[in-house]
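Beneath this line is the structure, given in structure tokens, with notes to follow.
Sequence lines set the chain letters: A, B, ... in the order given, protein chains first and strands last, and positions in each chain run from 1. Bear in mind the structure is a predicted one, so any value in this text is a computation, not a measurement.
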Amino acid sequence: MSELSIAYQQEEDAQTFGGDVQDYVQLLKPRVMSLVVFTSFVGLMVAPGDIHPFLGLVAILSIAIGAGASGALNMWYDADIDGKMQRTAARPIPRGLVSKNEALALGVVLSVFSIIVLGLATNWLASALLAGTIGFYIFIYTMWLKRSTPQNIVIGGAAGSFPPMIGWVAVTGSISLESVVLFLIIFMWTPPHFWALALYRCRDYERVGVPMLPVVKGPDATRSQILIYSFILFAVSLTPAFIGLGGLIYLTFSVMAGIVFLYLALQVYRVRVGNIADAIAKKLFLYSIFYLFFLFSVLLIEHVVPGAFYSTGFQVGI
Amino acid sequence: MTEEEQKKRKRRSLVIGLVLAAFVVLFYAITIIRLGENVVNRPL
């Protein structure tokens with residue numbers, strides 16, 4: 001039986017019997033969802049103003065479901081290449097556990113659900129932003145940029161940058177400078193984060209013809225870009241401290257975490273051959289995840305527990 | 001359809017049912033809370 005006919009058979013089986021519950025949960029990319037939940041939660045908590053705790057919870061849930069729906073739609077569209085890539089071959093559609101049509105239906109239903117619920121629970125600007133984010137991720141990134149330009153994740157990264165802004169808008173009803181800064185931190189973080197991964201997963205993307213930067217421009221150019229974006233990220237990450245969004249505590253920790261980020265980016269830039277080069281790229285990738293969680297955590301703690309750091313003496317003189 | 005496939009279908013149906021029930025409760029709760037805010041804010 002040819003590879004193609006096996007694929008058709010798997011699709012047919014999945015359409016007939018359907019997958020188990022956890023297969024549908026996998027379609028929602030739970031790991032990506034956790035980052036979205038956290039950053040939107042921080043956006044919601046640091047925003048000035050009040051929101052009913054239950055409505056706040058519903059807002060976070062809606063944003064998470066919207067992100068999950070985007071994941072399902074992404075897997076529906078990318079089913080043809082996911083099966084050929086090591087990183088994505090275990091996803092439910094390539095394994096024949098869920099059909100493409102089911103993923104599409106789940107994605108569309110959850111998108112509509114999340115947009116309506118967010119609008120009803122908070123405000124329609126937040127809802128429109130969520131709709132825009134889902135649309136941007138699917139139509140601009142997945143369908144257009146991903147397979148056509150090495151700048152795919154730079155522009156497409158905007159989709160992943162919106163959650164804290166949506167959280168902020170859910171509370172305030174408007175887009176302000178602070179929410180734009182939260183957006184920019186994730187926007188500038190995405191390229192070094194994703195290119196670090198692409199450096200050691202380069203062959204995967206090459207095999208399926210996705211023009212990731214290391215595939216098109218080569219690993220050396222990618223290393224330079226990672227370093228450039230890391231410097232920009234460092235500068236942007238300090239901004240909250242100068243616009244009143246973060247204080248001295250945030251400034252201190254963001255400088256420290258940023259220096260480690262820059263050090264790893266520099267290591268990636270300098271060490272270019274052998275297994276050690278891949279290992280360093282992987283280290284940067286993993287650290288970048290911690291880094292974003294850390295930055296947003298400090299911002300959150302500083303806002304929610306204003307006295308949390310007083311005993312350390314950091315606040316003296318402010 | 002094998003026994004395992006029937007079990008899978010049953011689990012799916014159960015989860016869909018629970019999600020729909022949660023959806024109803026969610027809409028009810030949102031309505032009450034939003035309504036409550038406006039009742040408090042109305043001119044007396």
Side-chain angles (χ1 to χ4, degrees), chain A residues 10 12-28 49-66 68-69 72 92 95-99 102-103 105-106 109-124 126-127 170-171 173, chain B:
Chain A
Q10 282 175 340
E12 206 170 272
D13 288 347
Q15 275 172 353
T16 312
F17 303 120
D20 212 341
V21 175
Q22 69 262 27
D23 300 324
Y24 297 94
V25 173
Q26 285 307 312
L27 284 179
L28 308 181
D50 292 315
I51 187 168
H52 189 286
F54 182 77
L55 296 181
L57 197 70
V58 173
I60 302 295
L61 182 76
S62 304
I63 298 167
I65 291 174
R95 285 171 64 201
L97 300 170
V98 175
S99 74
E102 281 179 304
L106 186 71
V109 168
L110 291 184
S111 297
V112 173
F113 168 85
S114 60
I115 291 163
I116 290 175
V117 171
L118 185 61
L120 290 173
T122 61
N123 58 70
W124 293 103
S127 174
V171 176
Chain B
M1 193 182 279
T2 65
E3 200 177 324
E4 181 55 31
E5 284 158 358
Q6 278 177 333
K7 274 184 190 168
K8 275 186 190 175
R9 189 160 74 171
K10 197 174 259 183
R11 281 198 291 267
R12 281 203 309 272
S13 304
L14 185 70
V15 171
I16 291 170
L18 287 173
V19 168
L20 286 175
F23 188 63
V24 172
V25 173
L26 191 67
F27 263 72
Y28 179 73
I30 290 172
T31 307
I32 294 298
I33 291 169
R34 298 301 302 254
L35 199 68
E37 286 172 354
N38 291 321
V39 167
V40 174
N41 289 333
R42 78 189 195 282
L44 296 170

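The number of heavy atoms from other shown groups lying within 6.0 Å of CD (B/E3) does not exceed 12.
Of the atoms belonging to A/I116, it is side-chain heavy atoms, and not backbone ones, that fall under 4.5 Å from chain B. Both the backbone and the side chain of B/R11 have a heavy atom closer than 4.5 Å to some heavy atom of chain A. For A/T122, the part sitting under 4.5 Å from any heavy atom of chain B is the backbone (N, CA, C, O) and nothing else.
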*Stepwise side chain to side chain contact (heavy atoms under 4.5 Å, CB included) test for B/I32 and A/F54*: CA-CA 11 Å; B/I32 294 298; A/F54 182 77; over 6 Å; no
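Nearest heavy atoms, A/L120 versus B/I30: O-CG2, 3.8 Å.
Distance CZ/B/R12 to CG/A/D23: 9.5 Å, rounded to 0.5 Å.
Looking at A/F113 and B/L26, their side chains come closer than 4.5 Å, going by heavy atoms from C-beta outward.
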